[in-house]
Student: 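Sharing a structure here in structure tokens format.
Quick caveat, the model's predicted, so the values are computed rather than measured.
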Amino acid sequence: MLVLGAVLTAIDVVWTFTLAPLVQGAQLSEPVVIGGAQVTTKLLLSQKIFYLHVPVAVASFAVMALAAFFALRFLMTKDRSYDVRSKTAMEVTLVFIVATMISGDLWTRFEWGVWWVWEPRLTTYFILMLLVIGYFILRNAIDDPERRARFCAVFGIVAFVDAPISFLVTRLVPSSIHPVVFRTDSGLPPMMLIPFLLGLFGMLMIAFVLYCTAQRINADALEVEELKQQLEEQDAQATRAAADDALERLRKRGASVSAASAPAHDEHATQNQEG
């Protein structure tokens, strides 16, 4: 699946820059000044970045939804394996969020002439990245495994609320200048739709493989941790058993010494009485 996903993504990139038609630009309802320059279009040649940027962003939303699902399962069952799965999904989510931010900033720089604009989509997605980073800060701040898993599960579910907000904000806020990629009023021509779908499915496959690989690593780490705890408990039990055995031997030796000294003491007392 990893190879297939990589192949589909590679075809998407090659198709995008060779066969996909150029986009002249969608007119804004009114000009917007960004970085001292007047912007009148949403998409130009830099629109080609979206053939890879959008699949990466969708993958980040999908994997984060998986993390929230496993967090909910943990709260319902208290099964620690669900906490590990949620943590794994959040790790993969962070990877795709960083990739989304980098590719999105490239588009912003090429299209609008600046690296960052505090517009609704970028702002909400930036908050999403901060929430995911905060998840791992919270995870490292709590030592008790049960409390850590419970708090992180709640935090992960709450953080996921920002994902659909970030996805829908360009539709909810009419003043947003960020392009609306998934639209129902117009469709992409086949030469644009095919590479986009190839990239989307390829990136989802890559995300799934990354999750499975990281899950195996984290599951093995959890198993090693549990085995270490069992060994420590066995060592503690063996130490206690050895201490109890040594104490019992001391008690027996003390009892035998007391028993041996008792006749001599009685004989000495008798001699004193006779004298």
Side-chain angles (χ1 to χ4, degrees), residues 1-9 55-102 128-163 201-247:
M1 184 174 289
L2 178 62
V3 173
L4 180 58
V7 169
L8 292 179
T9 303
V56 173
V58 172
S60 70
F61 291 141
V63 183
M64 192 172 187
L66 190 65
F69 170 76
F70 285 133
L72 181 62
R73 290 291 297 160
F74 170 78
L75 294 177
M76 295 173 60
T77 63
K78 305 302 181 182
D79 187 347
R80 194 176 177 186
S81 64
Y82 286 119
D83 173 60
V84 176
R85 296 177 185 179
S86 180
K87 171 196 169 187
T88 302
M90 290 295 278
E91 292 172 345
V92 179
T93 298
L94 182 59
V95 173
F96 280 90
I97 283 180
V98 172
T100 302
M101 293 294 292
I102 293 175
L128 186 67
M129 183 180 69
L130 294 180
L131 289 173
V132 174
I133 294 174
Y135 172 89
F136 292 104
I137 295 176
L138 175 64
R139 196 164 193 95
N140 292 326
I142 303 176
D143 295 328
D144 182 65
E146 294 297 329
R147 292 179 65 247
R148 179 176 62 225
R150 185 170 63 255
F151 288 2
C152 288
V154 175
F155 187 88
I157 295 173
V158 174
F160 175 70
V161 174
D162 187 56
F201 288 117
M203 198 57 61
L204 289 175
M205 290 180 183
I206 292 175
F208 180 74
V209 173
L210 288 179
Y211 166 77
C212 292
T213 303
Q215 171 60 22
R216 286 196 297 268
I217 295 174
N218 288 336
D220 291 341
L222 176 61
E223 184 177 358
V224 170
E225 182 181 349
E226 292 177 347
L227 290 175
K228 288 174 62 178
Q229 292 178 353
Q230 293 177 5
L231 288 174
E232 290 175 356
E233 292 175 357
Q234 291 177 2
D235 290 341
Q237 292 176 357
T239 302
R240 286 195 299 268
D244 292 341
D245 184 60
L247 181 61

Student: If you look at every heavy atom in Ala89 and Ala67, which pair is closest and at what distance?
Tutor: CB-CB, 3.5 Å
Student: How far does CE of Met205 sit from CG of Leu4, to the nearest 0.5 angstrom?
Tutor: 4.5 Å
Student: To the nearest 0.5 Å, how far apart are CG in Leu128 and CD1 in Ile133?
Tutor: 10.0 Å
Student: What's the spacing between Leu94 CG and Met64 CE if we round to 0.5 Å?
Tutor: 10.0 Å
Student: Could you report the tightest heavy-atom contact between Phe151 and Ile142, atom names first, then the distance?
Tutor: CD2-CD1, 3.3 Å
Student: Any non-hydrogen side-chain atom of Phe160 less than 4.5 Å from a side-chain atom of Thr93?
Tutor: no
Student: Are Asp83 and Arg139 close enough for a salt bridge, meaning some N to O gap below 4.0 Å?
Tutor: yes
Student: Of all residues at least two apart in sequence or in a different chain, which pass the side-chain contact (heavy atoms from CB on, under 4.5 Å) check with Asp144?
Tutor: Glu146, Arg147
Student: Go through Phe69 and Arg85 one step at a time and tell me if the side-chain contact (heavy atoms from CB on, under 4.5 Å) criterion holds.
Tutor: CA-CA 10 Å; Phe69 170 76; Arg85 296 177 185 179; over 6 Å; no
Student: For Asp79 and Phe74, work out which heavy atoms get closest and say how close.
Tutor: O-CD1, 3.1 Å
Student: For residues Ile157 and Leu75, determine if any side-chain heavy atom of one lies less than 4.5 Å from a side-chain heavy atom of the other.
Tutor: yes
Student: Atom CG of Leu130 and atom CD1 of Ile97: how far apart are they, to the nearest 0.5 Å?
Tutor: 9.5 Å
Student: Using 0.5 Å steps for rounding, measure from the CG atom of Asp162 to the CE atom of Met129.
Tutor: 11.5 Å
Student: Can you tell me how far CE of Met90 sits from SG of Cys152, rounded to the nearest 0.5 angstrom?
Tutor: 8.5 Å
Student: Hey, does Lys87 have a side-chain heavy atom less than 4.5 Å from the side chain of Phe70?
Tutor: no
Student: State, to 0.1 Å, how close Ala59 and Leu204 come at their nearest heavy-atom pair, and which atoms those are.
Tutor: CA-CD2, 3.9 Å
Student: For Thr88 versus Gln215, what's the shortest heavy-atom pair and its separation?
Tutor: OG1-OE1, 3.2 Å
Student: Just say parallel, tilted or perpendicular for the rings of Phe155 and Tyr135, cut-offs at 30° and 60°.
Tutor: tilted
Student: Which pair of non-hydrogen atoms, one from Val56 and one from Phe96, has the smallest distance, and what is that distance?
Tutor: CG1-O, 3.4 Å
